[in-house]
Amino acid sequence: MANLADELQQRQHKLAELRNKGTNPYPQRYERTHSIAELIRQKDKLVADELKIKTAGRIVTWRGHGKTCFAHLDSDGTRIQIYVRQDQLGEADYQQFKLLDIGDFVGVEGSLFYTRTNELTIVVDKYNLLTKSLRPLPEKWHGLKDVETRYRQRYLDLLANPDVRRIFLLRSRLIQAIRDYLNQQDFIEVETPMMQPLPGGATARPFITHHNALDMDLYLRIAPELYLKRLLVGGFERVYEINRNFRNEGLSTEHNPEFTMLEFYMAYADYNKLMDFTEDMLASLAQQVLGKQQLEYADKTIELTPPWKRLTMLEAIAAHSSIKETELGDLKQVQDIAGELNIPVDKHDSWGKIVQKIFEQVAEPKLIQPTFIIDFPTEVSPLSKAKPDNPALVERFELFIGGKEIANAFSELNDPQDQRRRFEAQVAERAAGDDEAQYLDEDFLRALEHGMPPTAGEGIGIDRLVMLFTNSQSIREVILFPQLRGEKQTTTRDKE
RNA sequence: GGGCCGUUAGCUCAAUUGGCAGAGCAACUGACUCUUAAUCAGUAGGUUGAAGGUUCGAUUCCUUCACGGCUCACCA
């Protein structure tokens, strides 16, 4: 009795035996007087008054002693010990109790006391099986370490590894705190299409799908941007959306094909205002969720207390290399520099694109403390408003923390004629072979022609933010079910 | 897609130079009425990721494949 097939069979036999004795192993409901967490909170009164309680949980440990048994029940991450005695239950019920396994859910009735070793414990008068478990849980002491199993069977990971549970609790609290923060500032949360006839608002390869009844191809969105801006045209002045984007790109420790993005738009603001706003928002979130404004990330301490450093992209390159700003003036110069740095450059790459590549190579990984990189090349920012004094640059920033890009924001381009020219430049790049260049969206241009107020908008990668807040080195650690290759077909043995 | 590393019992891990595949926990049987990584005695559990190859002999060496991790490229 002990390879997996045998153990599964063993548990099936116990299940059948319980059924034969009239036990329903999967009853509908169980009325508790207290959750386990509530028992612990109210323990002083419950012990002093010797009150009868009913609670429920999953059996996670088991120590049998002949005619008594100790076990721990877990409910929603909180554990309590139970003490089961044959002289309390009677022999028949006690023998049946021994048919239970680690992993089963039970409801227990009894009262609280302290053991000799001073552990709060329920002495059980009566129990009910609530769910029979047919597969063994991972081992109690070493837990579950196999990364593949952790991701494929995340429920086991959550049961076996308390730190994993904490990460996803924190993720939930962080997202709730973001909603609270924005709602307090008069933002409204909206939902825009995930399936779009044209994938817009970012430079990325999309997933494509097909609607049968309409007989049309649709793209899973790579960004909600163009729809959110239509809402600004429609008179909503502060909107945000927290939802999934889909990009058909490679996977890495920082990229999952579907990822969660916050985008928000603020009318009458520009990118300078958004930098102030972002500093305050992230520092407030850290204070609220972590209780402090410092992050421990990869052996470094990150200080989120504002103000944060603001550097133009050209200044950042100069600050982190021996390149001078004046050496980045024209296309030929940056092509030469890229060549010296062994940065692969495409023949038709623009000045702006090469400058961005140089920046990513020499400066980006060094931006550990929060840093706004501002004033991007216009050529790589087709939706951003140009700087009034220099049309080669736009009012755009990206926020880097811990060497990762966390946010991307700009003064939104609301001049429909300029926007049309920018789209046309993208179409030309696409024709030249860049399959990530953006599409010309006539419907969006029509909206802009009706008038969008001056607006600043920002996107924040929620997964990466959670990585920072939880000191996680891989995006898979903060996504419950990260994308993996298809699993091998389950073996016959495994199905038994 | 490229490079490097990994895959041994349900879980966590061993196995010397190529020489009988092992331990702890989990499981099963028995003992045990305050244990808590319960204890004690015993039992069982393996297509060493898959398929080939070299060899008297392969967990070990070689090839191909699958899956995972890191990394490079692409991106956020």
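Letters A, B, ... mirror the listed sequences (proteins, then strands); counts begin at 1.
With rounding to whole Å, D146(A) atom CG is found 11 Å from A9(B) atom P. Rounded to whole Å, atom P of A76(B) lies 16 Å from atom CZ of R221(A).
Judged purely by atom type and a 3.5 angstrom limit, S75(A) has no side-chain atom pairing as donor or acceptor with the backbone of T78(A).
Of the side-chain N and O atoms in T149(A), none sit less than 4.0 angstrom from OP1 or OP2 of G10(B). Contact check, R464(A) against A76(B): no side-chain N or O comes under 4.0 Å of OP1 or OP2. Under 4.0 angstrom from either OP1 or OP2 of C28(B) there lies at least one side-chain N or O belonging to K14(A). Within the structure, a side-chain polar atom (N or O) of R476(A) is placed less than 4.0 Å from OP1 or OP2 of C70(B). For U71(B), neither phosphate oxygen OP1 nor OP2 lies less than 4.0 angstrom from any side-chain nitrogen or oxygen of S252(A). When the side-chain nitrogen and oxygen atoms of R11(A) are compared with OP1 and OP2 of A27(B), none of them lie within a distance under 4.0 Å. Using a 4.0 Å cut-off, no side-chain N or O of K404(A) falls inside it from OP1 or OP2 of A76(B).
G24(B) has no stacking from W141(A) on its base ring, since the centres under 5.5 angstrom apart and planes within 30 degrees of parallel are not both found.
Taking the six-membered ring for Trp, Y297(A) and F469(A) have ring centres at least 6.0 Å apart. A distance below 6.0 Å separates the ring centres of F97(A) and W62(A). Ring pair F359(A)/F400(A): centre-to-centre distance below 6.0 Å.
Using a cut-off of 4.0 Å between Lys/Arg side-chain N and Asp/Glu carboxylate O, D74(A) and R58(A) are scored as not salt-bridged.
When heavy atoms are screened at a 4.0 angstrom cut-off, R247(A) is found touching base atoms of the nucleic acid.
Nucleotides A51(B) and A58(B), compared at atom C1', are 15 Å apart to the nearest Å.
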Show me the dot-bracket string of RNA chain B, counting Watson-Crick or G-U pairs under 3.5 Å, with | for pairs to another strand and [ ] for crossing ones. (((((((..((((.....[..)))).(((((.......))))).....(((((..]....))))))))))))....
